[in-house]
There are 2 protein chains.
Amino acid sequence: MENITEMLKGVLEGCVLEIISRGETYGYEITQQLRELGFTDVVEGTVYTITMRLEKNNLVDIKKKPSTKGPPRKFYTLNAAGQEHLEIFWKKWEFIASKINELKTKIKSKGGVI
Amino acid sequence: MENITEMLKGVLEGCVLEIISRGETYGYEITQQLRELGFTDVVEGTVYTITMRLEKNNLVDIKKKPSTKGPPRKFYTLNAAGQEHLEIFWKKWEFIASKINELKTKIKSKGGVI
DNA sequence: GATGCTATTCTGCGTTACTATATACCGGTA
DNA sequence: TACCGGTATATAGTAACGCAGAATAGCATC
């Protein structure tokens with residue numbers, strides 16, 4: 001799927017939050033999980049800016065651990081604020097998705113009644 | 001629903017396209033329809049930037065008509081390119097929505113198997 | 001002519017994801 | 001040892017989008 005980047009705005013951060021909530025993980029792995037999900041074009045840099053933002057907003061706890069495969073990894077876990085943020089994200093998503101689907105399936109006559 | 005603006009990026013344009021596809025309409029009316037839909041905080045300026053973009057990208061035809069209630073209205077209708085754009089939008093939406101919902105409902109264990 | 005409503009237009013701003021690149025660390029191999 | 005590919009974090013610059021806020025226009029009514 002090409003050129004969905006604009007539609008991912010605001011959504012990607014929620015996905016990252018959700019992925020972190022599943023268990024301690026780090027940037028590179030998050031990127032791979034997003035790709036497996038289907039967002040194949042997501043690159044490390046994008047995820048990095050998101051994790052930096054989460055960090056800045058104090059939504060995650062961070063632990064640095066050594067790796068046998070490269071430089072030390074920064075592992076993220078959701079804190080209480082992050083959990084709350086995630087719940088709010090899902091509420092927003094459900095709201096928007098329901099509205100969009102409503103628009104999509106609405107009978108296609110302007111007056112509403114035939 | 002407050003502060004959903006980031007999640008509306010790329011989506012709002014599709015909504016406007018869909019509304020225009022229902023029948024000839026103008027900026028102010030589009031704004032009202034979006035509000036009725038549930039996006040209560042959408043303002044005229046936002047819709048204006050979208051219609052300007054549609055115009056610039058040649059996705060709409062324009063007809064100016066006088067109004068008894070103010071300055072002349074600019075009525076928009078979708079042209080062929082706009083129709084195509086709208087179909088692509090819905091495909092993108094379905095793709096993203098399915099992926100997000102997949103993420104949302106996925107069993108919450110990292111390995112996937114219990 | 002002052003006010004109020006409808007309606008369009010315009011500008012500047014903040015947020016977000018992407019591109020492209022740099023840096024660092026390790027294992028394997030020649 | 002010197003190089004390379006995979007892993008992993010970091011940063012600067014860019015473009016797109018929606019929003020706030022204000023200006024302007026036209027008409028009705030008082």
Side-chain angles (χ1 to χ4, degrees), chain A residues 1-17 24-35 39-57 60 62-76 85 89 92 96 99-100, chain B residues 1-17 24-35 37 39-57 59-60 62-76 85 89 92 96:
Chain A
M1 184 68 49
E2 79 287 350
N3 231 31
I4 56 174
T5 88
E6 280 308 325
M7 288 175 72
L8 285 180
K9 294 212 167 152
V11 174
L12 220 43
E13 181 180 308
C15 293
V16 171
L17 276 173
E24 205 178 44
T25 184
Y26 55 98
Y28 196 79
E29 197 183 42
I30 294 170
T31 309
Q32 290 176 312
Q33 288 195 33
L34 285 171
R35 285 189 180 149
F39 302 130
T40 51
D41 295 336
V42 173
V43 292
E44 289 86 346
T46 299
V47 173
Y48 177 77
T49 56
I50 294 173
T51 54
M52 285 304 289
R53 199 158 63 233
L54 297 179
E55 197 173 329
K56 202 186 78 185
N57 296 336
V60 287
I62 304 172
K63 230 184 284 175
K64 244 186 178 164
K65 295 184 186 179
S67 163
T68 60
K69 290 190 176 183
R73 294 167 174 164
K74 278 175 74 178
F75 280 84
Y76 300 97
H85 207 80
F89 164 74
K92 286 184 192 173
I96 290 180
K99 293 306 176 189
I100 302 288
Chain B
M1 185 68 50
E2 81 285 351
N3 231 34
I4 55 173
T5 88
E6 281 307 326
M7 289 176 71
L8 285 180
K9 292 212 168 154
V11 174
L12 219 43
E13 181 181 307
C15 293
V16 172
L17 275 174
E24 205 178 44
T25 183
Y26 55 98
Y28 196 80
E29 197 184 43
I30 293 170
T31 309
Q32 290 177 312
Q33 288 194 34
L34 285 171
R35 286 189 179 148
L37 225 199
F39 302 129
T40 50
D41 295 336
V42 172
V43 293
E44 289 85 348
T46 299
V47 173
Y48 174 75
T49 56
I50 294 172
T51 52
M52 285 304 286
R53 199 158 63 234
L54 298 179
E55 196 171 332
K56 201 186 78 187
N57 296 337
L59 302 175
V60 287
I62 304 170
K63 230 184 284 173
K64 250 188 172 160
K65 295 185 187 176
S67 163
T68 60
K69 289 190 175 180
R73 295 167 174 165
K74 277 174 75 178
F75 281 83
Y76 300 96
H85 207 81
F89 164 74
K92 288 185 190 173
I96 290 180

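Residue numbering restarts at 1 for every chain, and letters A, B, ... go by the order of the sequence lines. Note that this is a predicted model, so its numbers are computed, not measured.
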Expressed as a whole number of angstroms, how long is the span from [X]:[atom1] to [N]:[atom2]?
X: B:Glu6; N: D:dC17; atom1: CD; atom2: P; answer: 12 Å
X: A:Ile96; N: D:dC17; atom1: CD1; atom2: P; answer: 16 Å
X: B:Gln32; N: C:dC5; atom1: CD; atom2: P; answer: 14 Å
X: B:Met52; N: D:dC19; atom1: CE; atom2: C1'; answer: 17 Å
X: A:Lys74; N: C:dA24; atom1: NZ; atom2: P; answer: 16 Å
X: B:Ile50; N: C:dT8; atom1: CD1; atom2: P; answer: 14 Å
X: A:Ile30; N: D:dA10; atom1: CD1; atom2: P; answer: 12 Å
X: A:Lys65; N: C:dC26; atom1: NZ; atom2: C1'; answer: 19 Å

Please confirm whether the shortest side-chain N or O distance from [X] to OP1 or OP2 of [N] is below 4.0 Å.
X: A:Tyr28; N: D:dT7; result: yes
X: A:Tyr48; N: D:dT11; result: yes
X: A:Lys64; N: D:dT9; result: no
X: B:Lys9; N: D:dC19; result: no
X: B:Arg53; N: D:dC17; result: yes
X: A:Thr46; N: C:dC18; result: yes

Ring pair (Phe, Tyr, Trp, His ring centres under 6.0 Å) involving A:Tyr26 - partner list, sequence neighbours excluded: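 Partners of A:Tyr26 under the ring pair (Phe, Tyr, Trp, His ring centres under 6.0 Å) test: A:Phe75.
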Touch class at under 4.0 angstrom, heavy-atom based, for A:Val42 against every strand present: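 Touches nothing.
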Touch class at under 4.0 angstrom, heavy-atom based, for B:Thr49 against every strand present: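 Counting heavy atoms under 4.0 Å across all strands, the contact made by B:Thr49 includes a base.
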Gap between atom CE of A:Met52 and atom CD1 of A:Ile50 - 0.5 Å precision: 12.5 Å
Distance, nearest 0.5 Å, that separates CD1 of A:Ile96 from CD1 of B:Ile4: 4.5 Å
Options C:dA17, D:dC17, D:dC19, nucleotide nearest the side-chain atoms of B:Leu8: D:dC19
Nearest-nucleotide pick for B:Glu13, side chain only, options being D:dC19, C:dT19, D:dC17: D:dC17
For nucleotides 22-30 of chain D, tabulate all protein N/O to nucleotide N/O atom pairs closer than 3.5 Å, reporting atom names and distance.
{"residue": "D:dG26", "atom": "N2", "partner": "B:Lys69", "partner atom": "O", "Å": "3.4"}

Pairwise side-chain contact, A:Tyr76 with A:Ile62, heavy-atom cut-off 4.5 Å (strictly under):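 With C-beta onward as the side chain, the pair touches.
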Pair up each side-chain donor or acceptor in residues 5-17 of chain B with any protein partner under 3.5 Å, not counting sequence neighbours, and list the distances.
{"residue": "B:Glu6", "atom": "OE1", "partner": "B:Lys9", "partner atom": "NZ", "Å": "3.3"}
{"residue": "B:Glu6", "atom": "OE2", "partner": "B:Lys9", "partner atom": "NZ", "Å": "3.2"}
{"residue": "B:Glu13", "atom": "OE1", "partner": "B:Arg53", "partner atom": "NE", "Å": "2.9"}
{"residue": "B:Glu13", "atom": "OE1", "partner": "B:Arg53", "partner atom": "NH2", "Å": "2.9"}
{"residue": "B:Glu13", "atom": "OE2", "partner": "B:His85", "partner atom": "NE2", "Å": "3.4"}

Name all residues meeting the side chain to side chain contact (heavy atoms under 4.5 Å, CB included) criterion together with [X]; count only those two or more places apart in sequence or in a different chain, and write none if there are none.
X: A:Lys63; value: A:Glu24, A:Lys65
X: B:Asp41; value: none
X: B:Glu44; value: B:Tyr28, B:Thr31, B:Arg35

